[in-house]
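Worksheet for the structure shown next.
Residue indices begin at 1 and follow the sequence shown.
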Amino acid sequence: MAQVVVRNVDKIFDNGFHAVKKVDFIAEDKEFVILVGPSGCGKSTTLRMIAGLEEISSGEIMIGDKVVNDIPPKNRDIAMVFQNYALYPHMTVYNNMAFALQLRKTKKELIDETVKEAAELLEIEELLDRKPKQLSGGQRQRVALGRAIVRKPKVFLFDEPLSNLDAKLRVQMRAEIIKLHKKLDTTIIYVTHDQVEAMTMADKMVVMKDGLIQQIDSPLNVYNKPLNLFVAGFIGSPSLNTFKGKIKEEKSKLIFKNENFTVETGPNATLKKYIDKDIIMGIRPEDIYDAEFDRMAEFPQKVDTVCEVVEPMGNEFIVFLQTGNSSLVARFDPKKLPKIDEKIAVSFDMQRAYFFDIESELKI
């Protein structure tokens with residue numbers, strides 16, 4: 001197995017578009033690293049450069065102890081699983097999985113043993129004689145995984161492999177890939193725009209935007225300690241609520257004030273530097289409570305809102321609220337079904353609030 005080092009890598013296309021800008025990260029040996037970000041952020045281009053399918057404009061990529069900038073894809077000892085499965089339609093599942101080994105002129109007995117071993121691991125033994133058109137999306141994805149596994153590469157690369165599957169199957173396949181990683185004990189670099197996938201699967205997340213890395217950390221640290229407004233807003237569903245306002249000091253207490261509500265921030269030495277300055281406050285939906293039912297003693301400050309939309313989720317309600325001209329989204333426990341146009345006083349857990357510089361958008 002191998003460590004992958006991506007060092008100050010740039011990609012500028014022939015038309016001048018700067019797709020990837022000084023990307024720098026390490027996927028440690030046997031680590032599951034996920035590149036996540038919105039469409040067009042450069043994550044797939046980065047993956048393709050690691051695979052050798054795109055040339056890098058500058059920088060260095062190492063797999064193991066070898067610089068692979070000028071090494072063709074077939075000699076990089078990697079295996080890639082694509083979004084569209086990329087199976088040969090005229091071949092059986094067995095031959096799709098065996099093809100790379102046949103090209104290497106591997107002995108027939110070893111091919112047979114390796115393919116059947118991978119098929120057993122993925123629970124697709126009964127599919128080996130079928131052709132791709134006879135398979136469901138989930139089965140095709142397993143075959144694509146099997147084709148990668150039989151090569152026994154140093155590194156697995158996944159390019160949005162679950163995006164063509166339905167929601168239920170995506171959840172199932174996420175679990176399967178996590179189990180597969182543990183069984184194979186190998187390095188995986190995985191690209192997705194789905195932050196739920198990234199949160200649930202990664203050992204380490206690399207969050208990207210506009211070709212730049214925004215943050216590298218464990219999923220929980222990215223969620224709880226975002227470095228900037230983009231990361232805080234992108235990771236989490238429903239998304240972070242944000243409000244523009246000013247920091248004020250009243251009776252020796254710091255408060256956040258905008259035209260719709262006022263709340264105490266709690267003691268924060270850094271915020272003192274922002275007194276009378278514009279600032280952005282962010283708070284996640286799960287840190288907003290129905291003041292009548294939830295933790296009223298802990299968060300006595302109330303913000304008056306009006307309920308606009310309710311999405312019952314079974315174990316919770318996603319509630320869309322309006323206060324003045326500000327909108328916010330909250331997660332409520334299902335103790336009481338809110339009604340449309342109902343007035344609801346909510347409390348914010350200000351210990352869980354984030355504050356961002358309005359110009360740099362960095363977390364304060």
Side-chain angles (χ1 to χ4, degrees), residues 21-25 35-38 41 195 198-199 202 204-289 291 295 298-305 321-331 346-364:
K21 306 165 186 174
K22 301 296 176 195
V23 163
D24 198 305
F25 70 90
L35 309 184
V36 63
C41 72
Q195 45 94 13
M199 285 293 296
K204 181 162 70 187
M205 285 170 62
V206 179
V207 186
M208 296 183 69
K209 178 194 176 194
D210 299 332
L212 292 164
I213 290 178
Q214 303 294 309
Q215 187 166 349
I216 303 174
D217 214 328
S218 68
L220 284 178
N221 278 346
V222 169
Y223 187 80
N224 291 315
K225 300 174 183 177
L227 294 182
N228 59 40
L229 183 61
F230 169 77
V231 174
F234 183 76
I235 302 298
S237 179
S239 187
L240 185 80
N241 295 290
T242 57
F243 311 96
K244 289 182 180 178
K246 288 184 185 290
I247 295 295
K248 296 283 188 181
E249 189 170 29
E250 293 181 2
K251 298 178 182 178
S252 300
K253 291 183 178 180
L254 292 179
I255 63 170
F256 173 84
K257 185 173 187 176
N258 72 6
E259 57 188 328
N260 301 309
F261 62 87
T262 300
V263 287
E264 288 182 23
T265 67
N268 187 320
T270 313
L271 277 181
K272 282 197 169 186
K273 300 174 186 175
Y274 285 84
I275 290 172
D276 293 325
K277 291 182 180 178
D278 288 327
I279 203 169
I280 296 172
M281 186 185 94
I283 191 156
R284 295 200 183 277
E286 61 266 31
D287 297 320
I288 299 174
Y289 299 93
R295 304 173 70 175
E298 285 181 82
F299 314 119
Q301 303 174 81
K302 295 192 182 79
V303 176
D304 292 322
T305 70
L321 305 163
Q322 190 78 18
T323 176
N325 57 11
S326 291
S327 299
L328 59 151
V329 183
R331 291 179 185 271
V346 298
S347 299
F348 295 167
D349 180 352
M350 293 304 293
Q351 291 183 354
R352 301 276 300 163
Y354 303 102
F355 297 95
F356 303 93
D357 185 285
I358 203 162
E359 291 180 3
S360 69
E361 295 191 351
L362 293 174
K363 186 166 77 73
I364 295 167

Checklist entry - Taking Arg284 for the side chain and Tyr223 for the main chain, is one N or O donor matched with an acceptor at less than 3.5 Å? => result yes

Next on the checklist: Let's go through Met208 and Val206 carefully: what are the C-alpha distance in whole Å and the side-chain angles of both, what is the deciding distance for side chain to side chain contact (heavy atoms under 4.5 Å, CB included) to 0.1 Å, and is it a yes or a no?
Outcome noted: CA-CA 6 Å; Met208 296 183 69; Val206 179; 4.3 Å; yes

Checklist entry - Between Val303, Asn241, Asp287, which is the residue that forms a side-chain contact (heavy atoms from CB on, under 4.5 Å) with Phe348? => result Val303

Checklist outcome for this item: Scanning both residues in full, the closest heavy-atom pair of Pro219 with Ala202 reads CG-O, 3.4 Å

Checklist entry - Going from CG on Asn325 to CG on Asn258, what distance comes out if it is rounded to the nearest 0.5 angstrom? => result 8.0 Å

Next on the checklist: One pair to check against side chain to side chain contact (heavy atoms under 4.5 Å, CB included): Leu254 and Ile275. What are the steps and the verdict?
Outcome noted: CA-CA 8 Å; Leu254 292 179; Ile275 290 172; 3.9 Å; yes

Checklist entry - Is there a donor-acceptor pair closer than 3.5 Å between any side-chain N or O of Thr323 and the backbone N or O of Asp304? => result yes

Next on the checklist: Please verify the inter-ring angle class for Phe230 with Phe234; under 30° counts as parallel, over 60° as perpendicular, anything in between as tilted.
Outcome noted: parallel

Checklist entry - Counting distance only, does the side-chain N/O of Gln322 pair as donor-acceptor with the main-chain N or O of Gly324 below 3.5 Å? => result yes

Checklist entry - At what distance, to the nearest 0.5 angstrom, does NZ of Lys257 lie from CD1 of Ile247? => result 12.5 Å

Item to check | side-chain hydrogen bond (donor to acceptor under 3.5 Å, both in side chains), paired with Asn228, selected from Lys363, Glu361, Gln214 | outcome: Gln214

Checklist entry - Could you give the distance from CD (Glu264) to CD (Glu250), rounded to the nearest 0.5 Å? => result 9.5 Å

Item to check | Worked check of side chain to side chain contact (heavy atoms under 4.5 Å, CB included) between Ile235 and Met205 | outcome: CA-CA 11 Å; Ile235 302 298; Met205 285 170 62; 3.5 Å; yes

Item to check | Test side chain to side chain contact (heavy atoms under 4.5 Å, CB included) applied to Met350 and Met281, step by step | outcome: CA-CA 10 Å; Met350 293 304 293; Met281 186 185 94; 3.6 Å; yes

Checklist entry - Of the non-hydrogen atoms in Leu240 and Gly233, which two are nearest, and what is the gap between them? => result CB-CA, 4.1 Å

Next on the checklist: In this structure, is the centre-to-centre distance between the rings of Phe243 and Phe256 below 6.0 Å?
Outcome noted: no

Checklist entry - For the side chain of Tyr354 and the backbone of Asn224, is there at least one donor-acceptor N/O pair under 3.5 Å apart? => result yes

Checklist entry - For Asp217 and Lys204, what are the C-alpha separation, side-chain angles and deciding distance, and is it a salt bridge (Lys or Arg N to Asp or Glu O under 4.0 Å)? => result CA-CA 5 Å; Asp217 214 328; Lys204 181 162 70 187; over 6 Å; no

Item to check | Separation between CD1 of Ile364 and OH of Tyr274, rounded to the nearest 0.5 Å | outcome: 4.0 Å

Checklist entry - So, do Val329 and Ile288 sit near enough that their side-chain heavy atoms are less than 4.5 Å apart? => result no

Checklist entry - What distance do Leu212 atom CG and Asp24 atom CG have between them, rounded to the nearest 0.5 Å? => result 12.0 Å

Checklist entry - Counting N and O atoms only, with roles assigned by atom type, does the side chain of Ser347 sit under 3.5 Å from a partner on the main chain of Ala291, one being a donor and the other an acceptor? => result no

Item to check | Test item: Asp357 side-chain N/O and Leu362 main-chain N/O as donor-acceptor pair under 3.5 Å | outcome: no

Item to check | Nearest heavy atoms of Gln195 and Ser237, plus distance in Å | outcome: NE2-CB, 3.2 Å

Checklist entry - Roughly how far apart are Leu321 CG and Ser326 OG, rounded to 0.5 Å? => result 11.5 Å

